[in-house]
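Step one of this worksheet: look at the structure below.
Chain letters run A, B, ... following the sequence lines, proteins first and then strands; every chain starts at 1. None of the values given here were measured: they were computed from a predicted structure.
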Number of protein chains: 2
Amino acid sequence: MSTRARLIEAAFTLFDEQGFEETTVDDVVQRAGVGRTTFFRHFRAKEDAVLPDHAGLLSQVEERLAQSDHLATRVVEAARVVLDHYLAEGERARLRHRLAGSVPAIRSRETAGHRAYQRAFLAAIRAELGTDPDAELEAELIANAVVTAHNVVLRRWLRGVTETPTTEFDRALARATEPLRATTATSVRTPQTSAPDGEVAPEVTAEAARRSVALLEELLPTLRRLADDQAQ
Amino acid sequence: MSTRARLIEAAFTLFDEQGFEETTVDDVVQRAGVGRTTFFRHFRAKEDAVLPDHAGLLSQVEERLAQSDHLATRVVEAARVVLDHYLAEGERARLRHRLAGSVPAIRSRETAGHRAYQRAFLAAIRAELGTDPDAELEAELIANAVVTAHNVVLRRWLRGVTETPTTEFDRALARATEPLRATTATSVRTPQTSAPDGEVAPEVTAEAARRSVALLEELLPTLRRLADDQAQ
DNA sequence: TGAGTTACGGTACTCAGTACCACTCAGTAA
DNA sequence: TTACTGAGTGGTACTGAGTACCGTAACTCA
């Protein structure tokens, strides 16, 4: 067992048994049987010993995103790389999740990692959607939806709510990448002929219209009074 | 000028001039002319001196979300509370944004705050959509889209890219809350007007309706604020 | 006047993280 | 053998964030 592995093992055990704040780096290195300097040579900070290798994972994600198949496929499979990593960790991932629930330092590092993935997704999506403000917003929303969908499923597995995370992942990411498939389908495949649009658009549009009209109706009495006041 | 205000002023100035890491708490308290203990009585950590009052802002957000008008309205206006806070800070918000770009501690605290808002939105949306897995995912996606849309607009203003953040905000949040309006329309409202008897092609009508609805949604917040102002 | 409250200042401490230097132990070449 | 090299390791000393505790001034309310 390598020095690094012993440090990780000791950190997980002690953080779990006696808490993160209550455990000093000295405790960890003593349990691992190594010097204090060695700890900080392997990990930049105390919490790094129980964090996944986000840097390595990120480069795998970027690698998958850089391939040349359809954008939606690339995004889904790149997110799948991250999920698979957590699943492969097994109990250790679950323990980290419990720790993150009570230790801000661990939680914030974990979310920083997710932000890095999100930015990688964003870059890939933006490259396809363009950079005008509306497309920019759309890309941000989709990139964020992908990470969120991933996280929702991952969290369910971490908490032991589901035993079929990969199945749920496919469903969740299909939902998250829906607008991506729609926009790239219309803008790339068929220029404005609206063959696929014609099937689903009317009901959706009708629902949205009803709702907006309803909202407007809420405002109408006030607006009418406002108009009357202005007329005087 | 209160002690707290002097500390904040000193922290912003020194962090900006000589960098966050290069500035010690002793530097800050010396510039503010107070004791070191006083700093940590006002702020739990060094970076807190330049962070907005997320706790106070969060309770304002929750207050707005707890009202009884339409969900989409509550969510949009609650997010607007946060945007308005940053806009009111002016140059100070921009300085913080620059600092967050280079200081992980500040950035992670800022995202932690946004996560808190996101959870408040999530609770409100989930209460309306239900808690089965699909609805849960939907709620998470929408809550995240709201925060993302807010952040996209905010960031554009922080970087000086736009001078009309509130207009962009209305547009961005109309987009982010689109699925929210659609889903609640089916469950809450029923159509009140029958279809017109004209002989226009259905797709053309649908497309025209879609544009009108989108424009109407953008205008709704403005009309609502206008009505509120007059009501006072 | 005295008791409680609030805000501030000082001292001493723990511990994370850094800088620097020394050691060990491989492998390699002379 | 000896000498050299480089990676991994360990020890020591330091800086600085954050905490605990105690003392003090001012202000308020009996």
Item checked: Proximity of F43(B) and F39(B) rings by center, below 6.0 Å -> yes
Check: Starting at NZ of K46(A) and ending at P of dG16(D), how long is that distance when rounded to a whole Å?
Finding: 21 Å
Check: Do R156(B) and E136(A) sit within salt-bridge range, that is, some charged N less than 4.0 Å from a carboxylate O?
Finding: no
Checklist line | F15(B) and F20(B) aromatic ring geometry - parallel, tilted or perpendicular at 30°/60° bounds | finding: perpendicular
Notebook entry, point to check: Can you check the L14(B) CG to dA17(D) C1' distance for me, whole Å?
Noted result: 16 Å
Item checked: Between dG18(D) (P) and D48(B) (CG): distance, integer Å -> 8 Å
Checklist line | Qualifying residue for ring-ring contact (aromatic ring centres under 6.0 Å, His included) with Y117(B), from H85(B), H150(B), H54(B) | finding: H54(B)
Check: Is S2(B) touching bases, backbone alone, or none of the nucleic acid, heavy atoms closer than 4.0 Å?
Finding: nothing
Margin query: Please encode protein proximity along nucleotides 18-26 of chain C as a string of B, S and -, counting only heavy-atom distances under 4.0 Å.
Written below: B--------
Notebook entry, point to check: Salt bridge or not for D134(A) and R175(B), using N-O below 4.0 Å?
Noted result: no
Note to self: I want to check one thing: is the phosphate of dT9(D), taken as OP1 and OP2, less than 4.0 Å away from some side-chain N or O of H42(A)?
What the structure shows: yes
Notebook entry, point to check: Roughly how many Å is it from CG in L7(B) to P in dA7(C), rounded to a whole number?
Noted result: 14 Å
Checklist line | Check: R41(B)/T37(B) side-chain N/O donor and acceptor closer than 3.5 Å | finding: no
Check: If each of D26(B) and G35(A) is mapped to the nucleotide of DNA chain D with the nearest heavy atom, which maps nearer the 5' terminus, i.e. the 5' end?
Finding: G35(A)
Notebook entry, point to check: Can you tell me how far P of dG11(D) sits from CD of Q30(A), to the nearest Å?
Noted result: 12 Å
Notebook entry, point to check: OP1 or OP2 of dA7(C) less than 4.0 angstrom from a side-chain nitrogen or oxygen of T38(B), does that happen here?
Noted result: no
Check: Does R6(B) reach the main-chain N or O of M1(B) with its side chain, forming a donor-acceptor pair under 3.5 Å?
Finding: yes
Note to self: Rounding to an integer number of Å, can you tell me how far E21(B) CD sits from dG17(C) P?
What the structure shows: 12 Å
Notebook entry, point to check: Within this structure, what is the CD-to-P distance between E22(A) and dT14(C), rounded to whole angstrom?
Noted result: 17 Å
